[in-house]
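Here is the structure we will look at.
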Amino acid sequence: MSSLSKYAKAIFDKHIVMNLQLILESEIKKAIQNLYGATLNEVEFQATRKDFEGDITVVIFPMLRVVKGNPVSIGEAIGAYLVENVAEVLKFNVVKGFLNLVLSDRYYLDFFGSVSDFSNFGKMPQGEDAMMVEYSSPNTNKPLHLGHIRNILLGYSVAEIVKASGKKVYKTQIINDRGIHICKSMVAWSTFGNGETPETTGLKGDKLVGNYYVKFDKVYKKQIAELKEAGKSEEEAKAEAPILQEAQQMLLKWEAGDAEIVALWKKMNGWVYTGFEKTYEALGVDFDTLYYESDTYLLGKEFVAEGLQTGVFFKKEDGSVWCDLTNEGLDEKIVLRSDGTAVYMTQDIGTAIQRVKDHPDVSGMIYTVGNEQDYHFKVLFLILKKLGFNWAKNLFHLSYGMVDLPSGKMKSREGTVVDADDLIEDMTATAKKISEELGKIDAFSEEEKDELYHTIGSGALKYYILKVDPKKRILFNPEESVDFQGNTGPFIQYTYARIQSILRKANENAELGNIDIDTLKNVSLHLKEKEVLKILQQYPEVIQLAATNYSPALIANYTYDLVKEFNSFYQNVPILAADTISEKQFRIQLAKAVSDVIKSAFSLMGITVPERM
RNA sequence: GGUCGCAUAGCUCAGCUGGAUAGAGCACCUGCCUUCUAAGCAGGCGGUCCCAGGUUCGAAUCCUGGUGCGAUCACCA
C-alpha cells in the first residue's frame, strides 16, 4: 500500500474518518521519539501479505538508520505502543522486520458508513485547469482498424480518468483530411468509380473510399510493372506512373482551390465522416471539439515565419526552414519545405497553438499516438517550448505499443488489417453464441438481447485491450477469440449483473433501505467482508494513480481485484440469507457499493454494464 | 550504426516510491449447482523474473555492460 495521495486524503477528511495511515505515521514517530529518542522522517507501510495475520504492515528496516537495535524488538515495542495509543489497532505480530497490525472492524465500518454514495466515490470535482486529450487521428482515405481501436479506447479512457481525477477535459481529434493519400482515393474513384456512392452500393462511406484507395494501389503497382518492362528503372517507374502523376496533379489543384476538385474532396470526405461516426458510435466514444489539418496548417506556417524572425528557426540556401536541435541531443528538423509547403510538423505546431487559442483554459495536452512517433513528439514539444509557449511544458505524448498480428504488421493497402467494424461485430457474435449456449436470457426481447450482446462483446474487446500496459505492444490473434472467462470484461460484467439480481430481490422485500450507523455498530465483520472493504477503500487512490500514469490498465487491474474478492465473498457468505437483519442489511449495502464501483470504474474505461446477463 | 522502448509460468498479463515464500487468468488436473445467476467458487500442477556485474541490511524493481525483439533516425504522415 503506497502512501495516500493528497487527493485521497482530502476525500477522507471530508468524511469524518481521518486517514488511519496518517494517524499511524504520526503515532509511530512519537513512539520512536519516546522509546528511543530518535526522529523518524518517514514510515513505510504496505498491505499485509495474505499468509500473515493483519491488515496493514509497517516495515521496520528503514528505521534502523536512525534507531540502532534488533528489528524484531523494535517492531514489538512499536506494536505495543500502537495497541496502547491507537484505538483502531487491535493487536499486532512481528515477523522478521515486519510489524503486522490488525485493525478493528470499527475502522472499516466507519469508512464504509462515511461514504454516502459509492457511485461518485473517488471522483474529484472538476477544477479550473483543463487538459486537452487528442485521440483517434484518422486519415480520411480508409476505414478504421484494430490499431485505431487501441488508440481510440486508450485516449477515451485516459480522458475519462483525468476528468475523474479532478481536471476539466476536452476530447479532440486531428483529422488528416488533406494530402496526397486522400487524392489517391479521389483519383481512383473518379476514374473507376462509375459514380458509385454509399447509397448505391450499400457500403459504409469509409469502406467505399477505402476500396478506392486499395484500387489506386493495385493500378499503381501494375503501371510500375509495365513501365519497368518497357525499360524504366524502379525509381523512374515509381515516379512516372500515370496514376500517381494524376494524384499529384490533383493535390496541386486542391491546394489552388480548384472548385471541382474541392467539391469532390468534400463529397468523399463527407462519406468517410459518416462512416467514422458509425464506428465511434459502436465504440461508444465521443469528442468535444474537432480539428482538421486543412484548417491548421496555415497557422503553423505563420508561426514558422515568426520563429524565423526570432531566431528559433533558420533558413537553408534552398529556402527550406529548419530547427536546430543539436544542443538538445537531437538532429536538425525541417519545419517547412523548400517550395514553401507545410510538413507534418508545421501542421502540428499550428494545431497546438490553435487549440489553446480556442480554449484558453487549456494548460496542457495529451496526444494519444503510437510509439512509432516518439521522436516526432519529442521534437514537437521542444519546438513549442522554444517558441515560448508556457503550456508547452505540460504536453504529454501518450505513446502506446503497436497492435501486431501473428503475420506481422497490419497494412491497409495490402488488406492485412483487422477492420474495426468487423471486429466489433465478431465480438458481438461471440457474445451471442455464448449467451445462447448458457440460455439465461431467454425471456429477453430481441432488442434487449441485441443490446446485451453488444454490451458484452464490446466490453470483452475493450477490457482485453485496456488491461494491457499502454506502452507494451499487443499481439492480436484473430484466430483465437478474446476470452470471456477469468480476467475479462464479461467476468466483471457478470459480477455486476449478479449483484443487481440481489438488489432487485432485496428491493422487492423492501430490504434496500439506507443503512444507518447504528446498524453498522452491531455488525462484526466476516473476513471476506473486510477484504472487500479494504479494496473498496483504495479506489480514490487508484484513480489518481491511473491519472498521473495515464494508464487505464491500473483501473482494469483494480476492478479485477475487487471483483475477484467480491466473488469469493459472494460464494462463501450468504447475503439475503444472512443470520441477522443487520448482517443482511450490511451485506446488501456492501454488494451495492461494489457494484457502484464496478460501474464507475468501467465507465472510466468506456465499458457499460448489464443489469442481467 | 546512433537514439528510444520492451523482455516475469507452455500462452496472455499483474507486480505501486527497492521489502516477507514473485502473483492472476487461459490451458491441464480435482472437487462444488434441492440456498442469492457455475461467464462462478475452492484447490492442484507450473518460474534460472533474458544474461553478467554493481549499489543495498534487502533487487523482478535502481545503475553499468551485454543478448534478443520492436520502433525511429525522410523536403512521408
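Note that the coordinates shown come from a computational prediction; the quantities given were computed from them, not determined experimentally. Note on naming: letters A, B, ... go to the chains in the order of the sequence lines (proteins, then strands), and numbering restarts at 1 for each one. Any value given below was found using the heavy atoms of this structure, including those in side chains, with hydrogens, waters and symmetry copies removed.
- Nearest nucleotide to the His181(A) side chain, out of rA20(B), rU72(B), rA77(B): rA77(B).
- Along RNA chain B, the nucleotide nearest Glu293(A) and the nucleotide nearest Pro62(A) are compared for position; the residue whose nucleotide lies closer to the 5' end is Pro62(A).
- Checking Leu475(A) against Asp483(A), the closest nucleotide of RNA chain B that is more toward the 5' end is the one next to Leu475(A).
- For Val95(A), the listed nucleotide lying nearest its side chain is rA20(B); candidates were rC36(B), rA20(B), rA77(B).
- Comparing rA20(B), rA71(B), rU37(B) against the side chain of Arg49(A) picks out rA20(B) as the nearest.
- At least one side-chain nitrogen or oxygen of Lys505(A) sits closer than 4.0 Å to the OP1 or OP2 atom of rU37(B).
- Nucleic acid contact for Met402(A): none, since no nucleic acid atom lies under 4.0 Å from a heavy atom of the residue.
- When distances are taken from the side chain of Asn567(A) to each of rG19(B), rU21(B), rC41(B), the shortest belongs to rC41(B).
- At the heavy-atom level, Ile456(A) lies under 4.0 Å from base atoms of the strands shown.
- One side chain, Thr351(A) or Thr296(A), offers a donor N or O that lies under 3.5 Å from an acceptor on the other.
- Separating the CG atom of Asp469(A) from the C1' atom of rU8(B) is a distance of 14 Å, rounded to the nearest angstrom.
- For Phe98(A), taking side-chain heavy atoms from C-beta onward, the closest of the listed nucleotides rA71(B), rA14(B), rG19(B) is rG19(B).
- Among the protein residues, Asp339(A) comes within range of no part of the nucleic acid, since none of its heavy atoms lies under 4.0 Å from any strand.
- Out of rC6(B), rA42(B), rC4(B), the shortest distance to the side chain of Lys471(A) is found at rC6(B).
- Evaluation of the side-chain hydrogen bond (donor to acceptor under 3.5 Å, both in side chains) rule for Gln245(A) yields no partner, not counting sequence neighbours.
- Between rC36(B) and Arg504(A), no contact under 4.0 Å exists linking OP1 or OP2 to a side-chain N or O.
- One interatomic measurement links the two molecules: CG of Leu466(A) to C1' of rU12(B), which rounds to 16 Å at whole-angstrom precision.
- No side-chain heavy atom of Tyr297(A) sits less than 4.5 Å from a side-chain heavy atom of Thr346(A).
- Rounded to whole Å, atom P of rA38(B) lies 19 Å from atom CZ of Phe484(A).
- Residue contacts for Ala553(A): at a heavy-atom cut-off of 4.0 Å it reaches no nucleic acid atom on any strand shown.
- Side-chain proximity of Lys96(A) to the nucleotides rG15(B), rA71(B), rU21(B) is greatest for rU21(B).
- Residue Tyr344(A) is classed as a base contact, given a heavy-atom separation below 4.0 Å to a base.
- To the nearest whole angstrom, the two C1' atoms, one in rU12(B) and one in rG46(B), are 15 Å apart.
- In rC33(B) the O4'-C1'-N dihedral to the base is within 90° of 0, which defines a syn nucleotide.
- Rounded to whole Å, the separation between the C1' atoms of rG10(B) and rG5(B) comes to 26 Å.
- OP1 or OP2 of rA7(B) lies within a sub-4.0 Å distance of a side-chain N or O belonging to Lys472(A).
- When the side-chain nitrogen and oxygen atoms of Arg178(A) are compared with OP1 and OP2 of rC76(B), none of them lie within a distance under 4.0 Å.
- For the pair Leu330(A) CG and rC73(B) C1', the computed distance is 10 Å after rounding to whole Å.
- Residue side chain Tyr570(A) fails the stacking definition with respect to rG40(B), as its ring centre and the base's six-membered ring centre are not both under 5.5 angstrom apart and under 30 degrees in plane angle.
- For Phe396(A) and Tyr367(A), the gap between ring centers reaches or exceeds 6.0 Å.
- Here, rG58(B) and rU21(B) have their C1' atoms 15 Å apart, quoted to the whole Å.
- Remark: aromatic rings of Tyr400(A) and Tyr135(A) are distant, center separation not under 6.0 Å.
- Among the protein residues, Pro71(A) comes within range of no part of the nucleic acid, since none of its heavy atoms lies under 4.0 Å from any strand.
- When heavy atoms are screened at a 4.0 angstrom cut-off, Val573(A) is found touching base atoms of the nucleic acid.
- In this structure, Phe61(A) counts as stacked on the base of rG19(B) under the 5.5 Å centre distance and 30° plane angle limits.
- Look at CG on Asn93(A): it is 12 Å from C1' on rA20(B), rounded to the nearest Å.
- Nucleotides rA71(B) and rA77(B) have their C1' atoms positioned 16 Å apart, rounded to a whole Å.
- Side-chain N or O atoms of His454(A) include none that pairs as donor or acceptor with a backbone N or O of Glu451(A) at under 3.5 Å.
- The cationic atom of Lys333(A) (NZ for Lys, CZ for Arg) does not lie both less than 6.0 Å from the six-membered ring centre of Trp322(A) and within 45° of the ring axis.
- The side chain of Phe52(A) lies closest to rU21(B) when the candidates are rC69(B), rC13(B), rU21(B).
- rG44(B) and rG25(B) are spaced 11 Å apart, taking the P atom of each and rounding to whole Å.
- In the set rA71(B), rG25(B), rU37(B), the nucleotide with an atom closest to the side chain of Lys564(A) is rG25(B).
- To the nearest whole angstrom, the two P atoms, one in rC62(B) and one in rG15(B), are 12 Å apart.
- The residue Arg65(A) sits close to a base: some heavy atom pair falls under 4.0 Å.
- In RNA chain B, stems built from 3 or more consecutive Watson-Crick or G-U wobble pairs, each with both distances under 3.5 Å, span B:1-7 with B:67-73, B:10-13 with B:23-26, B:28-32 with B:40-44, B:50-54 with B:62-66.
- For the C1' atoms, the distance linking rC63(B) with rU55(B) amounts to 7 Å, nearest Å.
- In this structure, Ser568(A) reaches the rA42(B) phosphate: one of its side-chain N or O atoms is under 4.0 Å from OP1 or OP2.
- With distances taken from any side-chain atom of Asn572(A) to the nucleotides rC41(B), rA77(B), rA24(B), the minimum falls on rC41(B).
- Nucleic acid contact for Asn100(A): base, since at least one base atom lies under 4.0 Å from a heavy atom of the residue.
- Contact annotation for Gln493(A): no contact, since no heavy-atom pair falls under 4.0 Å across all strands.
- Within the 4.0 angstrom heavy-atom criterion, base atoms lie near Ser501(A).
- Within the nucleic acid shown, Phe491(A) comes within 4.0 Å of sugar-phosphate atoms alone, with no base atom in reach, counting heavy atoms only.
- Ring to ring, Phe216(A) and Tyr213(A) are not that close: their centroids are 6.0 angstrom or more apart.
- Of the N and O atoms on the side chains of Asn269(A) and Thr140(A), at least one donor lies less than 3.5 Å from an acceptor on the other residue.
- Thr495(A) comes within 4.0 angstrom of nothing in the nucleic acid, heavy atoms only.
- Using a 4.0 Å heavy-atom criterion, one finds that Ser435(A) contacts the bases of the nucleic acid, with or without backbone contacts as well.
- Phe98(A) contributes atom CZ, which lies 10.5 Å from atom OG1 of Thr48(A) (distance to the nearest 0.5 angstrom).
- Between rU67(B) and rA52(B), the two P atoms lie 15 Å apart (nearest whole Å).
- Taking the six-membered ring for Trp, Tyr560(A) and Tyr463(A) have ring centres at least 6.0 Å apart.
- Among residues two or more places apart in sequence or in another chain, the salt bridge (Lys or Arg N to Asp or Glu O under 4.0 Å) test is passed with Glu76(A) by none.
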